[in-house]
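This report refers to the structure that appears directly beneath it.
First the proteins, then the strands, lettered A, B, ... as listed; each starts at 1.
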2 protein chains.
Amino acid sequence: MSTDLLTDDSCGLRERKKRETRRALNLAALDLVEERGFAAVTTEEIAARAGVSTRTFFNYFPSKEAAVIGTTAEELESYAAALEQDVDGETPLESLRRILAGMLAPASIDRELRARRRRILLGEPSLAPALVGNNIRIENALTAALERRLAVQPGASLEARLTVAVAIAAVRACIEHQQNGGSGRLERNIDQAFERIAAGLR
Amino acid sequence: MSTDLLTDDSCGLRERKKRETRRALNLAALDLVEERGFAAVTTEEIAARAGVSTRTFFNYFPSKEAAVIGTTAEELESYAAALEQDVDGETPLESLRRILAGMLAPASIDRELRARRRRILLGEPSLAPALVGNNIRIENALTAALERRLAVQPGASLEARLTVAVAIAAVRACIEHQQNGGSGRLERNIDQAFERIAAGLR
DNA sequence: GCCGAATATGCAGTCACTGCAAAATTGCAG
DNA sequence: CTGCAATTTTGCAGTGACTGCATATTCGGC
């Protein structure tokens, strides 16, 4: 196989190949779902397009949904690390707004991929349950990170988990609003939502 | 079959039988999951214990998870109706606290069943994704109800959806907190959470 | 008691997902 | 470069969720 451009970071050939395979599976899944819709795609086809066996597919992802969503442990850790950092005058909620908005926004590098991902994932209503299920992982990772930042024992107070859960719910609500033909642009709505939350809901 | 005690409310035998079957399936599912755990129970067994064919099982519930969770459209409507009502000086958030807490609390009649349900559902981590998926239905129903109460066009403003989503997230966060061995009792934590939200998070 | 409609069932089939054991690949030491 | 051990891939066989369809049963009104 051709040695590739983006060898990301680390060590041995083994690790690199695993990353490549994982990514290939995720991209294959996105392609196929975009072409035909989630229900009409089989794990066999995804594996085939990625050039591995069906069995190997399940060595990388526990379910078809997970392959399409494709959140990696690294991404999770990177978001958690970002939240753990205490940026000058930012409240936890402000940090969460920045980080969660960043997860949605097409960032500098992966621009098109991120945008495509977003379009495909949100365009498939049948993925909604899996997506919110995936949010549990995100919530747990971010909660732990915020607890470290606040220097409290894990689970000692509700504060951290509540803040994270509410922030994620706010973003989800904006997305849902968007999909139901709601008013306003997503970015702007998210800003408004966080303002409302900081001001106190009634 | 023996004519039963609680014939609930309405009309024909047909409707009553459907309710009975639905309930029987839900109870059978709860029983079996309590005995053996969700993964070790098959839809065939649930159907058998409820006295119907496997095929009929899927006429009532779209998935094994749904059968265990067992939320009915009637329940949804009743919660929505409760939220739609404008109770004296209650803010929307206060109404939501009351209604969502009521969904968890073992109510007057079904006391034991509600408690059992709660224990079983929350005791099965593998059901967590399905549970949050189910929350989407609840969120949609409550959002529509709140929009009626506020007399706004559906989807016109973010307000309703945001409030509902945040309220549900708060309850979920308290449950999650509880399950991770967090401090405090559930009821009390929910109260605190809603107070924090009304006061504004940071 | 009889007919149209709703409901229950059986059957065959697809596909997600798993455990297991054999084969292929990789990293490493000699 | 060569064999060796660990890791990864793969094939295979099996289980079980879920669906469409055709058929039988049951219900409600006449």
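- With rounding to whole Å, F57(A) atom CZ is found 7 Å from dC17(C) atom P.
- Between the CG atom of N59(B) and the C1' atom of dT25(D) there is a distance of 14 Å, rounded to whole Å.
- Per the geometry, NZ belonging to K18(A) stands 14 Å off C1' belonging to dG27(C), to the nearest Å.
- Rounding to the nearest 0.5 Å places OG of S126(A) at 9.5 Å from CG of L131(A).
- Rounded to whole angstrom, the span from the CZ atom of F58(A) across to the P atom of dG11(D) amounts to 15 Å.
- Distance from the side chain of K17(B) is smallest for dC27(D) among the nucleotides dC27(D), dC18(D), dT7(C).
- Distance, E15(B) CD to dT26(D) P: 19 Å, rounded to whole Å.
- At the heavy-atom level, Y60(B) lies under 4.0 Å from the strands shown only through sugar-phosphate atoms.
- Note: CZ (R14(A)) to P (dG27(C)) measures 6 Å, nearest angstrom.
- Remark: V52(A), S53(A), R55(A) in residues 25-55 of chain A come within less than 4.0 Å of DNA chain D through at least one heavy atom.
- A salt bridge links E74(A) with R19(A): at least one charged nitrogen is closer than 4.0 Å to a carboxylate oxygen.
- By the 4.0 Å N-to-carboxylate-O rule, E139(B) lies close enough to R172(A) to be salt-bridged with it.
- Residues R149(A) and E84(A) are not paired through a salt bridge, judged by the lack of any N-O separation under 4.0 Å between the basic side chain and the carboxylate.
- Because its NZ or CZ atom is not both nearer than 6.0 Å to the ring centre of F194(B) and within 45° of the ring axis, R98(B) does not count as a cation-pi partner of that residue.
- Rounded to a whole Å, the CG atom of L127(A) is 13 Å from the P atom of dA16(C).
- For the pair R23(B) and Y60(B), the NZ or CZ position fails the cation-pi test of under 6.0 Å to the six-membered ring centre and within 45 degrees of the ring normal.
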